[in-house]
Asker: 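Pasting in a structure now, in structure tokens, and then I'll have a few things to ask.
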Amino acid sequence: QLQASGGGLVQAGGSLRLSCAVSGSSIGRNRMGWWRQVPGKQREMVAIIVGGGATSYGDSVKGRFTISKDDAKTTFYLQMNNLKAEDTAVYYCVLWSDGAHWGRGTLVTVSS
């Protein structure tokens with residue numbers, strides 16, 4: 001089970017950190033990530049981290065967002081800096097373990 005938290009309202013240029021707490025599974029060897037979705041649009045990949053720690057990012061967030069994980073806490077994070085209005089979306093965390101497991105999403109609203 002995945003529980004995302006940390007969303008909220010922030011002004012453009014500000015920062016937020018999202019957390020995704022994973023229960024019932026270790027995360028050390030898994031691929032996990034963050035996706036986001038705006039109503040009426042397809043879900044978009046934001047960031048992925050694999051077991052060894054390698055990361056990849058969507059083009060629109062490179063240099064501004066950082067994904068990380070704490071294996072001991074079975075939690076992974078998305079640090080979002082220099083937020084823009086176009087980052088407004090519902091953010092979902094996902095972990096791959098015998099298939100994809102999605103969290104419920106947390107809303108991030110960036111005011112311009």
Side-chain angles (χ1 to χ4, degrees):
Q1 186 175 4
L2 280 69
Q3 180 66 51
S5 62
L9 175 63
V10 63
Q11 288 188 332
S15 298
L16 281 176
R17 189 177 81 155
L18 305 183
S19 299
C20 184
V22 179
S23 58
S25 175
S26 61
I27 66 171
R29 297 183 179 183
N30 296 86
R31 182 165 60 107
M32 63 207 83
W34 293 92
W35 259 246
R36 67 187 182 187
Q37 189 167 26
V38 175
K41 294 188 177 182
Q42 286 190 330
R43 200 169 286 191
E44 173 191 21
M45 189 276 284
V46 176
I48 293 173
I49 187 167
V50 298
T55 59
S56 61
Y57 298 91
D59 288 341
S60 62
V61 306
K62 284 180 181 176
R64 300 188 297 123
F65 291 11
T66 302
I67 188 171
S68 62
K69 64 188 181 90
D70 185 327
D71 293 345
K73 294 182 178 179
T74 62
T75 301
F76 59 102
Y77 308 94
L78 184 68
Q79 178 66 43
M80 305 184 294
N81 297 329
N82 190 23
L83 282 159
K84 303 176 181 181
E86 52 263 41
D87 294 318
T88 295
V90 177
Y91 284 71
Y92 298 89
C93 56
V94 58
L95 179 141
W96 283 271
S97 175
D98 294 327
H101 302 266
W102 292 88
R104 292 184 65 181
T106 185
L107 176 62
V108 172
T109 304
V110 183
S111 63
S112 57

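Keep in mind that what you see is a predicted model, and the values were worked out from it rather than measured.
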Asker: Under 3.5 Å, side chain of Thr75 to main-chain N/O of Lys73, donor-acceptor pair present?
Answerer: yes
Asker: Which heavy atom in Ser112 sits nearest to a heavy atom in Ala12, and how many Å separate them?
Answerer: CA-CB, 4.2 Å
Asker: What's the shortest heavy-atom distance between Val46 and Val61, and which atoms?
Answerer: O-CG2, 3.4 Å
Asker: Report yes or no: do Ser15 and Asn81 form a side-chain donor-acceptor pair below 3.5 Å?
Answerer: yes
Asker: Might you confirm whether atom CD of Glu44 has over 12 heavy atoms from other residues, nucleotides or ligands at distances under 6.0 Å?
Answerer: yes
Asker: What I'd like to find out is whether the side chain of Asp70 reaches to under 4.5 Å of the side chain of Phe76, using heavy atoms alone.
Answerer: no
Asker: Would Arg31 and Trp96 count as a cation-pi pair here, with the cationic atom under 6.0 angstrom from the ring centre and within 45° of the axis?
Answerer: yes
Asker: What class does the angle between the rings of Phe65 and Tyr91 fall in, given that below 30° is parallel, 30 to 60° is tilted and above 60° is perpendicular?
Answerer: tilted
Asker: Check the surroundings of atom CD in Gln3: do more than 12 heavy atoms from other residues, nucleotides or ligands lie under 6.0 Å from it?
Answerer: no
Asker: If I take atom CG from residue Asp71 and atom CD1 from residue Ile27, how far apart are they, to the nearest 0.5 angstrom?
Answerer: 5.0 Å
Asker: Regarding Asp87 and Lys84, does a basic nitrogen lie under 4.0 Å from an acidic carboxylate oxygen?
Answerer: no
Asker: Please step through side chain to side chain contact (heavy atoms under 4.5 Å, CB included) for the pair His101 and Val94, ending with a clear verdict.
Answerer: CA-CA 5 Å; His101 302 266; Val94 58; 5.8 Å; no
Asker: Rounded to the nearest 0.5 Å, what separates atom OG in Ser56 from atom CE in Met45?
Answerer: 4.5 Å
Asker: Can you confirm whether the side chains of Arg17 and Thr66 place a donor and an acceptor under 3.5 Å from each other?
Answerer: no
Asker: Within the 4.5 Å heavy-atom criterion, are Leu16 and Leu83 side-chain neighbours or not?
Answerer: yes
Asker: Donor-acceptor pair, Lys69 side chain versus Gly51 backbone, under 3.5 Å?
Answerer: yes
Asker: Does Tyr77 share a hydrophobic cluster with Trp34, counting links as ILVMFWY side-chain heavy atoms below 4.5 Å and allowing steps through other members?
Answerer: no
Asker: What is the minimum heavy-atom distance between Thr74 and Ser25, and which atoms define it?
Answerer: CG2-O, 3.7 Å
Asker: Can you tell me how far apart CD (Gln42) and CZ (Arg36) are? Round to the nearest 0.5 Å.
Answerer: 14.0 Å
Asker: Where do Gly6 and Thr106 come nearest, in terms of heavy atoms and distance?
Answerer: N-OG1, 4.2 Å
Asker: If you take all heavy atoms of Ile48 and Ile67, which pair is closest and at what distance?
Answerer: O-CG2, 3.8 Å
Asker: Mark yes or no: Arg43 above the aromatic ring of Tyr92, with NZ or CZ under 6.0 Å from the six-membered ring centre and no more than 45 degrees from the axis.
Answerer: yes
Asker: Indicate the atoms forming the closest heavy-atom contact of Ala47 with Trp35, along with that distance.
Answerer: O-CZ3, 4.4 Å
Asker: Quick one: CG on Leu18 to CD on Gln79, what's the gap to the nearest 0.5 Å?
Answerer: 9.0 Å
Asker: Measure the spacing between CD1 of Ile49 and CG of Asn30 and express it to the nearest 0.5 Å.
Answerer: 11.5 Å
Asker: To the nearest 0.5 Å, what is the distance between CG on Leu2 and OG on Ser97?
Answerer: 10.0 Å
